[in-house]
Each structure stands twice: as structure tokens, then as C-alpha cells.
Novice: 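Before anything else, here's the structure in question.
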Amino acid sequence: MKIVALVLAGGEGTRLYPLTAEHAKPALPFANGYRICDFVLSNLVNSNISTIYVLAQYKPESLMKHVQKAWSPWFAQSEGLIKVLLPPSNTLGGQFKGTADAVVQYLDLLQAHSPDIVAVFAADHIYRMDVRQMIDFHRDRDADVTVSALAVPVEKARSFGVLNAQADARVTEFHEKPKHPPTIPGNPRLAYASMGNYLFDPQVLERVLLEARGRGETDFGRDVLPRICTAQGVYAYDFAQNRVPGVQDYEERAYWRDVGTLSALAAAQQDAMGTRPRFNLWNSRWPIRGEYDAAMLEQMRAWEAQESDVKTPALWHAARRDRHTDERVPTS
């Protein structure tokens, strides 16, 4: 199955100023040498998705350098591809006008790949996710669109896209940052929030984006998803059901954080600290990769090249589910 991933990394992150004075939000340092974008890229690579385009716009220089330094080495000896895309020169004003507009500008690139599924993922969240489980959900329901979602306290839901889903997970309504979020039936304290990660049937994606362009719509959450819920097969994938190997018992299940403010970023960084963190950055069975890992990879390849002329096999393509060096530690 051919999957092409588009990672939306063009956000300015105004609420993170002054950190974003010189960097795009996804390129901001997080902890231990990792940048925010490393989490979505690690999840895609660990899920065996090897064709990845990162769509950048605001102050893209540091993001481009990071992808080249931290991620290109993993793809150097494989058939995979990772590339940063900027707004095409013929784009009005040289800018993407929104998330949907960014994707429609590269529809010809998607068509050239002839994918079975297009993954459109946000670049600015902290989490681990086996994307293949979401893909299985999408295929089992023969969905046109699948949105990954998570139950959040209703008072926090105003910052997200919020959806209504039936018992079979079919989405009937999508509201972008509503003042009064609809709650989960039977639980008035929670709302179902979009994580900004979508799977699309390629033909459906092309059609709805061309329709959106004709209507002057530019954003997935504000424009496209609210409009297509009744006409297309849109489903909600419950992120709480996602399981990745190597997660310790003391970690928070289905950990996901939108680090769009200074306080949210600081809180997520705190979550990754200590001997029993809510979110453990070290997990050899579902690794988060960054610049240090790429430097180590290049050093290993240099050593092996000195010892043998045998080409080093590609190491990037998936998480090591067969390793048991980090089996669960006993709880106290």
C-alpha cells in the first residue's frame, strides 16, 4: 500500500513569541536535543511510512536545516523520501493561505505518486502514535476521511476542532474552536477534540480541495471538514485506543499535548522529566529521533565503511518491535 504523508509545518506560532521570533513553531527545541516536529516525523517513520513531505512557510530556514541534518541521513540509503516544500513561486503572494490551500498547491505532486491513502498530519504536537492502527481503522470502514480524535475536558475543547460522532464513529458535525463545544453523549464534562491528523482517500481529497478552492475556502478545520461531514464518509479514530510498544506503566496513556502556548510547552517539557515521566522520551521500541540520533547513525556508518565494503542496510524504516531492552519496569 502506497501512503504519502504531508506534514503541515508552516505555522507561525504567535502565542509562542518570543520563541518563534526566529523559528517556526515546529522547529522549536523541546527537550534533550529534540525539536517539536521530531515527534510526528518519528511516528510516521516508525509506522513504516517512507514518503514524507514537510510543508513549511513561516521562517523555514531552521526547519529546513533540521530536516536535512536530523532526518535526511535516515533516508539516504533507502527508497524513502523526506523533503521540505515551500509555497510555489506562482502562489499568490508567495504564501499558503491555510492548511487546505497548502495541500491543494501540491495536488500535482500527490497525483504523481498515485497513493492509496494521503496522510495530512500536524507538526506541532507531542505524542507517540502507531499510524498503521489508524490506517487499519480507515480501511476497515472504507472511509473517505478519518480524523484522529481524543476526549478532552470541555473547557479546553474551545481551542480545538470539536466533532460529533455516532456510536459507529461516523462524524456528523465538525466545529472549529467553538465557543460552546458539543459534549460526548453521556459525559457532559468531555468533548471529542480533533488532533489535526487526517487520512484521506486521494480522489476524495482532490475533489473536496478543488471544491474548496472554488468557494474561497482555505482551511481544513474551519472550512473543509465542517462542510463535508454530511456528504462524505468521515470517521473519528479514537486515539485512546492506539497502542505503541515499550510504553511504561507509569506513563500517561494516550499522551498527546498541543504545545501552542508558552505555558503548554513548559508543561509538556516538565512531563518528559524525572525518573517516572508522564511521557518518556526514551523508548527503543518506538524511538523519537533527532539530531543526536542522526549524528550517531552517520558515525556508525563511517565505522562500518572502514571495516567492510558491504552497504549498510536502511535503518530508518520502522520501530524495532523485536527489541526487548526496555521491557516494562516493575511498578513500586
Novice: What distance do His175 atom NE2 and His180 atom NE2 have between them, rounded to the nearest 0.5 Å?
Specialist: 12.5 Å
Novice: Please determine whether the number of non-hydrogen atoms from other residues, nucleotides or ligands lying under 6.0 Å from atom CD of Glu22 exceeds 12.
Specialist: no
Novice: Of the non-hydrogen atoms in Thr275 and Tyr250, which two are nearest, and what is the gap between them?
Specialist: O-OH, 3.9 Å
Novice: Using the six-membered ring wherever Trp is involved, compare the ring planes of Phe160 and Trp256 and label them parallel, tilted or perpendicular (cut-offs 30° and 60°).
Specialist: tilted
Novice: Can Tyr58 be reached from Val40 by stepping across I, L, V, M, F, W or Y side chains whose heavy atoms are under 4.5 Å apart?
Specialist: no
Novice: Quick check: are there more than 12 heavy atoms from other residues, nucleotides or ligands sitting under 6.0 Å from CG of Asp142?
Specialist: no
Novice: Assess whether atom NZ of Lys177 is packed by more than 12 heavy atoms of other residues, nucleotides or ligands within 6.0 Å.
Specialist: no
Novice: On a heavy-atom basis, which atom in Pro60 and which in Leu86 lie closest, and how many Å separate them?
Specialist: CB-CD2, 3.7 Å
Novice: Check for me whether the distance between the ring centres of Phe220 and Tyr198 falls short of 6.0 Å.
Specialist: yes
Novice: Taking Leu150 as the starting point, is it possible to reach Val162 by hopping between hydrophobic residues whose side chains are less than 4.5 Å apart?
Specialist: no
Novice: Would Asp38 and Phe30 count as a side chain to side chain contact (heavy atoms under 4.5 Å, CB included) if you check the C-alpha gap in whole Å, the side-chain angles of each, and the deciding distance to 0.1 Å?
Specialist: CA-CA 9 Å; Asp38 290 332; Phe30 179 70; over 6 Å; no
Novice: Does Tyr255 have Arg128 sitting over its ring (NZ/CZ under 6.0 Å from centre, angle to axis within 45°)?
Specialist: no
Novice: Tell me, with the steps shown, if Leu205 and Leu110 meet side chain to side chain contact (heavy atoms under 4.5 Å, CB included).
Specialist: CA-CA 10 Å; Leu205 177 63; Leu110 290 175; 4.0 Å; yes
Novice: If you look at every heavy atom in Leu55 and Ala102, which pair is closest and at what distance?
Specialist: CD2-O, 3.5 Å
Novice: Indicate whether the side chain of Asn242 and that of Tyr127 have a donor and an acceptor atom separated by less than 3.5 Å.
Specialist: no
Novice: Using a cut-off of 6.0 Å, state whether more than 12 heavy atoms not belonging to Lys59 lie near its atom NZ.
Specialist: yes
Novice: Using 30° and 60° as the class boundaries, would you call the ring planes of Phe39 and Phe279 parallel, tilted or perpendicular?
Specialist: tilted
Novice: Where is the tightest heavy-atom contact between Ser42 and Pro287, given as atom of each residue plus distance?
Specialist: CB-O, 3.6 Å
Novice: Would you say the side-chain atoms of Arg276 pair up with the backbone N or O of Met273, donor to acceptor, closer than 3.5 Å?
Specialist: no
Novice: More than 12 non-hydrogen atoms from neighbouring residues, nucleotides or ligands closer than 6.0 Å to CZ on Arg227, yes or no?
Specialist: yes
Novice: Does CZ belonging to Arg213 count more than 12 external heavy atoms closer than 6.0 Å?
Specialist: no
Novice: What are the two closest heavy atoms between Pro87 and Ala56, and how far apart are they?
Specialist: CD-O, 3.4 Å
Novice: What is the minimum heavy-atom distance between Val171 and Ala236, and which atoms define it?
Specialist: CG2-N, 3.6 Å
Novice: For Arg139, look at atom CZ and say whether over 12 heavy atoms of other residues, nucleotides or ligands are found less than 6.0 Å away.
Specialist: no
